[in-house]
Engineer: 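Questions regarding the structure given below will be posed in turn.
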Amino acid sequence: MITANQLQELANTHGTPLFIIDHDELRSNYAIFKNNLPRVQAYYAVKANPDPVIVKTLFEAGASFDVSSIAEFNNVFDNIKDLSDEEQHQWVWDNIIYANPIKAEETLRELDKYQPLMTFDNREEIFKIRDHAPSSRVVLRLRVSNAGAMVELSSKFGASHDEALELIFEAVNAGLTVAGLSFHVGSQTTNFENYMQAINMAALIFKEVKERGYDKMDLLDIGGGFPAPYDESVKPFSELAKRINTELDRLIPEDIKIIAEPGRFLVATTATAVSKIIGKAVRHGKLCYYIDDGVYHTFSGVIFDHCQYHFDAFKEGPTQICTVFGPTCDGLDVISMTEELPQDLQRGDLLSSKNIGAYSGATSTYFNGFPPAKVIQVNR
Ligand SMILES: *Cc1c(COP(=O)(O)O)cnc(C)c1O
């Protein structure tokens, strides 16, 4: 845990805005994931936070990776660039899934030499993969319930149970190796039933495919969605893990390899933003603080991730409900309209915002000439 004093010292040394990543916390989250789900290999979903130092720490901890673009693939690949061609090939084979169901032809051609796992969920994609990356091992992405997730994904991706068998055999007939099944229950899923239903659906499909004579499916990818402990309403991860383990042991044969694609769970709690108050006004009777970081930058999750972040002040005193604005001239740059903060904070005072490691700075822009926050790595 980084203390308030450490945050202040870092801000004194480096200025603001800062985005501080704690690698002890990252290693700890990875260990919690592994220890609670012993049958599951974690493929970190790089899109949650593509910082190359995060990728490196997880690589060293033994993680595998879910990538969804060539840039993300290369970000991970950098860690194995000193290996021989043969070792690189083997490592990618064992440790990377390209989990974007829709891939450009150029991307497929670049990936083909490594034969990574890749997902698909529609007929068009089968023919594209056959033509441009015929040696891939494909994984069918299923459409499963995303009920109660903070970020819904099931309207964009996934094949229904009915479509699944048809697509699997269409891929086999096109000469592809169908390695298994995947799903995503929606990001920050606090409704654990989604996982249970999805595992049950996958188990049925495994059985049906085998009965129809195809026996090469040996992989189940239970996706991402594992909730970060943003507040007390999120039930402990150990509770979810216990339920998942029970269903996996009950329904999924031992010779099926099980992987997951945690993003948010591994990185959300690893980062803290430190910003500075640069302006203060009262508008329509409401106290407004203007800070030097905003929704075009570290707080982009307010827009893209449907996430609400909270602030801690470094001073105490009587509080009131305030609005916190980002620094740009755009009216969209509102971080929170209901933040309880001390009412006598002054220009130059600092605010911190924890649990901001996932889907945050990754979508930062240079809008209005304001650069992204400076990234500081601690306990690396
Ligand atoms: C975004 C994404 C993830 C990570 O999801 P989290 O909710 O952050 O765990 C995993 N798999 C796929 C295919 C994704 O698109």
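Scope of the values below: all heavy atoms of this structure, side chains included, with no hydrogens, waters or symmetry mates. Every number for a ligand or one of its atoms is a count from 1 in the order of the listing.
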Engineer: For the pair Phe59 and Phe65, name the ring-plane relationship: parallel under 30°, tilted 30 to 60°, perpendicular over 60°.
Structural biologist: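 Ring orientation, 0 to 90° scale: parallel.
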Engineer: Under a 3.5 Å distance rule, please check whether Asp293 uses its side chain to pair with a backbone N or O of Leu18 as donor and acceptor.
Structural biologist: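 No, because the side chain of Asp293 does not come within donor-acceptor range (under 3.5 Å) of the backbone of Leu18.
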Engineer: Heavy atom under 4.0 Å from ligand 1: found in Asp66's side chain, backbone, both, or neither?
Structural biologist: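 Looking at Asp66 and ligand 1, just side chain atoms fall under 4.0 Å.
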Engineer: Using the ring of Tyr290 (Phe, Tyr or Trp, six-membered ring only), decide whether Lys280 places NZ or CZ under 6.0 Å from its centre and within 45 degrees of its axis.
Structural biologist: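 Negative - Lys280 is either too far from the ring of Tyr290 or too far off its axis.
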Engineer: Going by heavy atoms, is Gly223 under 4.0 Å from ligand 1?
Structural biologist: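 Distance cut 4.0 Å: Gly223 fails for ligand 1.
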Engineer: Any nitrogen or oxygen of Phe226 lying under 3.5 Å from a nitrogen or oxygen in ligand 1? Just yes or no.
Structural biologist: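 By distance alone, the answer is no.
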Engineer: Is there any N or O on Ala45 that sits under 3.5 Å from an N or O of ligand 1?
Structural biologist: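 For ligand 1, there is no N or O atom that lies under 3.5 Å from one belonging to Ala45.
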Engineer: For His161 and Glu208, test the side chains for any donor-to-acceptor distance below 3.5 angstrom and give the result as yes or no.
Structural biologist: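 Short answer, yes.
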Engineer: Can you tell me which residue and heavy atom of the protein come closest to atom 7 (O) of ligand 1, and the distance to 0.1 Å?
Structural biologist: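 Going atom by atom, the protein heavy atom closest to atom 7 (O) of ligand 1 ends up being Ser187 OG, 2.4 Å.
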Engineer: Would you say the side-chain atoms of Thr57 and Glu60 include a donor-acceptor pair closer than 3.5 Å?
Structural biologist: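 Side chains of Thr57 and Glu60: no pair found under 3.5 Å.
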Engineer: Can you find an N/O atom of Arg141 closer than 3.5 Å to an N/O atom of ligand 1?
Structural biologist: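 No - when backbone and side-chain N and O of Arg141 are compared with those of ligand 1, no distance drops under 3.5 Å.
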Engineer: Is there a donor-acceptor contact under 3.5 Å linking the side chains of Lys286 and Thr323?
Structural biologist: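 Per modelled atom types, Lys286 and Thr323 side chains form a pair under 3.5 Å.
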Engineer: Does ligand 1 have an atom under 4.0 Å from some heavy atom of Tyr359?
Structural biologist: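 True for this residue.
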